[in-house]
A.B. asks: 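Could you have a look at this structure, given as structure tokens, before my questions?
For reference, positions follow the sequence shown, starting with 1. In this text, all values refer to a predicted model and were calculated from it rather than measured experimentally.
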Amino acid sequence: MDTLVGPASASAPPSASAALRKLYFLRFAFASVWAGLLFATASKLGPLTAALLVIYPLFDVAAAVVDVRSAKANGGPVRGLYVNIALSALTGIGLALAATSGIPAVLRVWGVWAITAGLVQLVVGALRRRLGGQWAMIVSGAISTLAGASFFAQAGSDDASLSSLAGYAFLGGVFFLVSALRMTRADKANATA
């Protein structure tokens, strides 16, 4: 449930919508595979699990860089993308450090990231609403914010677990898939109109 910012005008070029849609499909695929791998390794915080935890925000950075290029080429806003890049890069570093301290530290870092990224995603979804399919991104941002608070709270419990992060990532991927499918439908409707 990460942020993306791009064209916000009602007449976004077809290439902007197509690029964003492809990126959303890719994000769904990545989140699904990543969630499965994390779920399989979430029982302990070993080297593989730590690597997975760091890879997730770094993938978010890469996706935002791709989105910046597309947004710039199509005259869309990019400020939120730069915020996302900074948040995700800092989170990658924070998770690498937190992984040496244990699951509660990881949950705290992830929780802060989920809250801040969720708030940015709410704004981004609102800016992109005219592209279609953005209601899912808005809902995803709200859920991310709430989930982040729950991760932070879970860090203080005796049964802190990383498996909830896998569910969070998969759900975020589903929201990207829904947005991509709705954008596809909106593009087809605009093409026949």
A.B. asks: Are a donor atom and an acceptor atom from the side chains of Gln121 and Ser144 found within less than 3.5 Å of each other?
C.D. replies: no
A.B. asks: Write down the atom of Val112, the atom of Phe152, and the distance for their closest heavy-atom approach.
C.D. replies: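 That would be CG2-CE1, 3.9 Å.
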A.B. asks: Find out whether Phe175 and Ile143 are in side-chain contact, i.e. whether some heavy atom of one side chain is under 4.5 Å from a heavy atom of the other.
C.D. replies: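 Side chain of Phe175 against side chain of Ile143, heavy atoms only: contact under 4.5 Å found.
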A.B. asks: Can you tell me if Thr100 uses its side chain to pair, donor with acceptor, with the backbone of Ala96 under 3.5 Å?
C.D. replies: no
A.B. asks: If you take all heavy atoms of Val106 and Leu162, which pair is closest and at what distance?
C.D. replies: CG1-CD2, 3.7 Å
A.B. asks: Quick one: closest heavy-atom pair of Ala114 and Gly148, and the distance?
C.D. replies: CB-CA, 3.5 Å
A.B. asks: Phe25 vs Leu177, test: side chain to side chain contact (heavy atoms under 4.5 Å, CB included). Steps then yes/no.
C.D. replies: CA-CA 6 Å; Phe25 279 126; Leu177 176 63; 3.6 Å; yes
A.B. asks: I need the single residue from Val78, Asn84, Leu81 that forms a side-chain contact (heavy atoms from CB on, under 4.5 Å) with Asp67. Which is it?
C.D. replies: Leu81
A.B. asks: For ring pair (Phe, Tyr, Trp, His ring centres under 6.0 Å), just list the numbers for Phe151 and Tyr168, CA-CA rounded to whole Å, side-chain angles, deciding distance to a tenth of an Å, and then say yes or no.
C.D. replies: CA-CA 10 Å; Phe151 297 144; Tyr168 167 81; 5.2 Å; yes
A.B. asks: Shortest non-hydrogen contact from Tyr24 to Met183?
C.D. replies: CE2-SD, 3.7 Å
A.B. asks: Can you see which heavy atom on Ala166 is nearest to which on Trp34, and at what distance?
C.D. replies: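 Heavy atoms only, the tightest pair is CA-CZ3, 4.3 Å.
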A.B. asks: Do the rings of Tyr56 and Trp113 sit parallel, tilted or perpendicular, given the 30° and 60° boundaries?
C.D. replies: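 Answer is perpendicular, since the angle exceeds 60°.
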A.B. asks: In the structure I gave you, are the side-chain heavy atoms of Val66 and Leu26 within less than 4.5 Å of one another anywhere?
C.D. replies: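 Not touching, per the 4.5 Å side-chain cut-off.
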A.B. asks: For Ala64 and Ile85, work out which heavy atoms get closest and say how close.
C.D. replies: CB-CG1, 3.5 Å
A.B. asks: Counting C-beta onward and ignoring hydrogens, is there a side-chain heavy-atom pair between Arg108 and Pro104 closer than 4.5 Å?
C.D. replies: yes
